[in-house]
Amino acid sequence: MAVTSIVDVSPLQQNFNLHVYDQLVQPDVYEAVLSVRSQQAATETASAGDGDDTMQQPETADQSVPQGLQSEDTAPNAFAMTMLCCEPESEQAASSALLAAAFDAFPDKDYCLLTLPPDSPEVALLGTFTRLLPPPGSALVHVLYLCHRFALLDQLQVQPGDRTQLEGVQALLIDTVDMVASMAAFTAGIEANSAFVVICESQVVGMAAIQPITDLSQLRHNFHTIQVAGLTEDDAADHRSVQLTAICLNPIFQHRARQVLLDVLKRCKARMMLFHLQPDRPAPEALGVFRQVAPRHTVLHTADNTEAGFALFVFYPELPGKTAVNSHVVVVGASDCGLSVIETLVLHERLQFSAVTLLAPRGLHAGASDAHYTAELLQRLGLHATVNILSAELVDINKEEHCVVLLDKRKLQYGLLLLAVGLDKNDALLQQQLKGSLNSISSQDLPASIPEDIADMDSIVVCGPAFEALTAMGQLEAAGGDMSRVQHCGLVEQGSSLSTLLRGAAPLAGVTLPETIQVTSIACGAAEDGRKAELTATLIDGATYSQAVDLVVVAGGQDRGRVPRCVENAGEVGGLVCDGRLVVDAAFRTNDPKIFAAGTVATFSRRYGSGLSHSLYNSREVGQRAADSIAASFSSPFLGDSALPKLTCGRVATTALPGGGRFMCASAAGTQRPGRLDSQGGRALVSSTQGGYLHITLDSNDCMQSLTFCTSGTQPSLTPTMLLLLAGLPITYLNDLLHAHESGELADLPEYLKQPWAGLLYQESFPQLRSSLIEELLGSGRPLQELDSNSVTVNSEGAIADVQAEVIDFVKQQGPADFPQYDVSVFVS
């Protein structure tokens with residue numbers, strides 16, 4: 001080990017919050033540096049507001065020392081480790097002994113500092129250190145490791161808390177963000193004998209409060225608790241599971257969080273600890289030793305169940321640790337694909353991604369009305385605990401410096417960049433013809449850009465294809481807009497496959513769509529009063545139509561769209577390959593190995609075949625596969641030229657209809673034109689009843705290629721998720737539906753599909769079960785027939801028995817909460 005007392009903390013002060021580490025930096029020095037940093041931030045903000053095009057450069061280390069303070073005044077209470085080398089078999093013991101000797105060599109220093117590149121592996125010694133990551137936008141990309149000499153002490157004791165320790169706990173919590181709530185939880189814990197303190201050298205250096213858990217039903221309905229061994233109703237009844245309500249440790253003992261929690265569990269005679277992270281509360285540092293429980297994407301609703309508005313974390317003695325990944329992963333775009341990447345990385349089984357940033361310029365809740373990641377689901381994900389979310393817009397990518405440039409001129413360094421921004425769906429023709437209108441907004445910016453006075457507007461025009469226009473109208477109505485004052489204007493040249501399906505299905509479902517003004521051209525300028533916009537259009541008969549409007553909404557088509565300008569710039573200047581969209585290999589890498597892309601902005605290279613745009617596949621599944629490749633790149637940097645990932649999930653689009661009805665269309669993975677018969681000879685099942693109009697398209701293998709459902713009812717019998725899970729399945733999964741329908745015995749398809757027997761098909765884990773069964777059959781060597789990449793037929797009695805057994809085990813494992821309609825007790829395992 002090599003150490004030195006010559007330590008320059010100036011760049012560290014610029015990039016890390018060091019004031020919580022007592023006496024690391026002299027208080028007057030820290031306050032002076034903090035003042036300089038505040039002045040620099042104010043100057044940068046003013047420059048950005050003035051439109052200064054000069055890129056603000058980060059201050060250098062020499063500039064960070066305030067005038068009047070000499071270098072000897074800023075000497076920190078620390079020495080630095082510059083080298084460590086140990087035999088692997090004795091690394092833990094030898095490195096600990098060397099660290100103790102280093103502190104003995106510097107009796108006047110209380111801290112040991114170490115900085116490492118973010119992609120450096122963490123050696124055993126660093127388990128004694130506290131890890132600090134540079135914030136996004138920092139000029140310093142290294143990770144800081146910090147150890148106090150007291151961190152080497154073994155005398156930490158967990159004791160029951162009482163009122164004599166209130167003063168010590170209050171001193172511990174002073175200036176913490178969650179001080180009031182933590183103090184209240186500790187006080188309540190004292191009364192219930194469920195409060196604990198951590199004592200070192202007679203000082204309170206930590207606190208925790210718990211409460212018993214008596215009912216797990218809400219958690220089971222909202223989270224995949226089945227994946228946590230031992231988290232059962234019996235554990236709750238026997239008080240073997242407890243809920244952590246508050247925890248705080250002195251930062252220098254943060255690395256001892258796991259041991260503290262184990263001692264708390266031992267004292268309360270429990271085997272498992274849960275933590276509910278509320279969306280309005282900060283995540284405690286100790287959460288790093290917990291494991292997040294994956295949320296259900298489809299909540300099981302019962303009469304006495306409430307939807308959980310929090311994220312769930314679990315800790316127990318046998319919980320395996322994760323390997324830290326400190327490299328900065330930047331995900332651009334809060335699309336369903338981008339959020340799926342984030343979710344998959346956060347919930348990764350083996351890797352802990354400690355530095356993930358999401359660029360979401362329109363926020364997390366500004367997606368399409370049919371976005372998969374709803375506000376409720378995002379609460380159960382608790383992204384603010386593990387992800388730095390920036391409401392910032394990407395304008396450029398600097399490949400040489402490995403950074404992205406934001407609209408506010410900040411530079412954001414990345415170790416790995418993933419682009420999931422989605423296409424710019426603003427129709428180019430409409431954008432050009434409506435350019436310059438002060439009263440026009442894009443449906444892509446809804447609902448965030450809806451004016452506050454929307455309810456008072458007398459005239460609103462929505463321009464675009466029918467499906468996209470209706471989606472925008474629904475958002476305007478939800479914000480208080482009067483639909484009787486809204487008109488739909490569509491270009492004759494414009495259209496989308498979903499709009500065509502909608503216009504064909506609506507009359508058959510008894511739905512009257514808003515009248516559309518068909519025009520060949522449209523323009524918008526300022527009205528004479530200067531407050532409204534003047535909309536001028538040429539009708540299909542050549543006549544001119546003109547109207548003063550309060551608001552024009554431009555709805556871009558689902559089938560249209562272009563790569564955002566910032567990505568085009570990266571292609572033109574940085575050399576990223578574009579073929580209408582960003583071209584990626586089977587591992588989702590662009591031609592720059594540090595830049596990945598996924599979602600509608602990307603397409604697989606033509607060397608794998610033609611027509612492989614990611615928009616043909618399920619955005620969430622694409623995001624999962626992209627995240628898997630990202631994780632694999634940290635385990636094995638050379639991914640190789642692998643085969644295309646298996647993408648089997650379909651996609652679904654839905655929109656509200658006038659009067660409260662609903663239109664939805666689900667299509668199998670890879671389907672280019674949903675609702676049309678397969679070119680090799682398919683057929684369709686059609687049902688038009690009081691419950692709605694349903695059109696099921698079968699391909700030549702009798703697999704459900706697409707399902708289109710339209711209803712005027714306010715409570716549809718089918719949901720978008722149900723149709724999505726059916727898309728791509730063989731029709732035989734629906735029992736004898738094909739024969740019954742063609743013989744006239746079954747007329748009401750929606751009613752048939754919602755019967756209790758079909759519940760297994762709509763369970764969100766069923767696709768994973770089906771995929772695993774297919775993989776097992778393909779690898780078993782048994783005779784089978786592959787219908788397509790997602791379906792096989794087997795006739796072997798042994799294979800059929802094995803599949804039946806695994807399905808029954810799956811139903812048993814999920815339990816009656818998921819499948820109350822099934823009785824599997826008659827089956828013997």
Side-chain angles (χ1 to χ4, degrees), residues 18 20-24 78 81 91-93 95-100 102-103 110-114 122-133 143-161 165 168-169 171-173 176 178 182 185-186 189 195-210 242 244-268 270-273 275 282-291 313-324 326 352 354 385:
L18 301 181
V20 297
Y21 298 95
D22 191 33
Q23 299 300 318
L24 173 59
M81 184 190 306
E91 177 185 345
Q92 181 66 61
S95 59
S96 298
L98 286 169
L99 183 60
F103 273 108
D110 289 331
Y111 291 89
C112 175
L113 305 180
L114 172 67
E122 292 193 350
V123 297
L125 175 65
L126 295 182
T128 314
F129 285 65
T130 299
R131 182 201 310 131
L132 283 78
L133 298 171
V143 181
L144 172 64
Y145 295 88
L146 178 150
C147 178
H148 192 281
R149 63 171 59 247
F150 285 170
L152 304 181
L153 298 176
D154 292 327
Q155 289 89 353
L156 253 63
Q157 295 182 341
V158 175
Q159 302 176 0
Q165 291 147 344
V169 171
L172 173 72
L173 296 174
T176 59
D178 214 25
S182 297
F186 183 79
F196 301 91
V197 292
V198 184
I199 304 297
C200 180
E201 299 287 324
S202 302
Q203 292 188 15
V204 176
V205 297
M207 57 78 65
I210 63 170
V242 295
L244 180 70
T245 57
I247 186 169
C248 181
L249 291 175
N250 186 302
I252 66 174
F253 295 108
Q254 196 58 58
H255 65 286
R256 305 284 288 275
R258 187 178 188 279
Q259 187 58 50
V260 168
L261 293 174
L262 289 174
D263 289 347
V264 171
L265 282 176
K266 184 177 180 180
R267 283 190 169 273
C268 60
R271 65 167 305 276
M272 186 169 293
M273 184 179 293
F275 181 76
E285 291 292 334
L287 210 58
V289 300
F290 281 69
R291 182 70 57 89
F313 294 79
V314 62
F315 173 83
Y316 51 92
E318 302 82 11
L319 185 65
K322 291 186 178 184
T323 301
N326 297 325
Q352 182 173 5
S354 53

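Please read these numbers as outputs of a predicted model, since none were measured by experiment. Quick note: numbers below take in every heavy atom, side chains included, and nothing from hydrogens, waters or symmetry partners.
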For the residue pair [X] and [Y], establish whether any side-chain heavy-atom pair is separated by less than 4.5 Å.
X: M272; Y: L265; value: no
X: C112; Y: L99; value: yes
X: F275; Y: P284; value: yes
X: I210; Y: V264; value: yes
X: M81; Y: L125; value: yes

Holding to side chain to side chain contact (heavy atoms under 4.5 Å, CB included), I want the full list of residues that pass it with [X], two or more places apart in sequence or in another chain.
X: N250; result: L172, V205, I252, F253
X: A286; result: I247, Q254, A257
X: L262; result: R258, Q259, F315, P317

Least distance between heavy atoms, [X] atom then [Y] atom:
X: V198; Y: V158; result: CG2-CG2, 4.3 Å
X: C200; Y: L153; result: SG-CD1, 4.0 Å
X: P251; Y: T130; result: O-OG1, 3.1 Å
X: R256; Y: A151; result: NH1-O, 3.7 Å
X: F186; Y: A208; result: CD1-O, 4.1 Å
X: A185; Y: A209; result: O-CB, 3.6 Å

Polar side-chain atom of [X] near backbone of [Y] as donor-acceptor pair, under 3.5 Å:
X: R291; Y: V314; value: no
X: T176; Y: L173; value: yes
X: R131; Y: L144; value: no
X: S182; Y: A246; value: no

Distance, nearest 0.5 Å, that separates [atom1] of [X] from [atom2] of [Y]:
X: H148; Y: T128; atom1: NE2; atom2: OG1; answer: 14.5 Å
X: L126; Y: C147; atom1: CG; atom2: SG; answer: 10.0 Å
X: L261; Y: M273; atom1: CG; atom2: CE; answer: 5.0 Å
X: L113; Y: Y21; atom1: CG; atom2: OH; answer: 10.5 Å
X: Q352; Y: T323; atom1: CD; atom2: OG1; answer: 9.5 Å
X: H255; Y: F129; atom1: NE2; atom2: CZ; answer: 9.5 Å

TODO: Assess whether side-chain contact (heavy atoms from CB on, under 4.5 Å) is satisfied between F290 and L244, documenting all intermediate values.
DONE: CA-CA 11 Å; F290 281 69; L244 180 70; 3.8 Å; yes

Open item on the list: Quick one about Q23 and Y111 (side-chain donor to acceptor, distance below 3.5 Å, no hydrogens or angles considered), yes or no?
Closed with: no

Task: Short side-chain donor-acceptor distance under 3.5 Å, Q157 and Q159 - done: yes

TODO: Any chance you could lay out the side-chain contact (heavy atoms from CB on, under 4.5 Å) test for L24 and L146, step after step, and finish with the verdict?
DONE: CA-CA 10 Å; L24 173 59; L146 178 150; 3.7 Å; yes

Task: Criterion side-chain contact (heavy atoms from CB on, under 4.5 Å) on V260 and L249, from CA distance to verdict - done: CA-CA 9 Å; V260 168; L249 291 175; 4.2 Å; yes

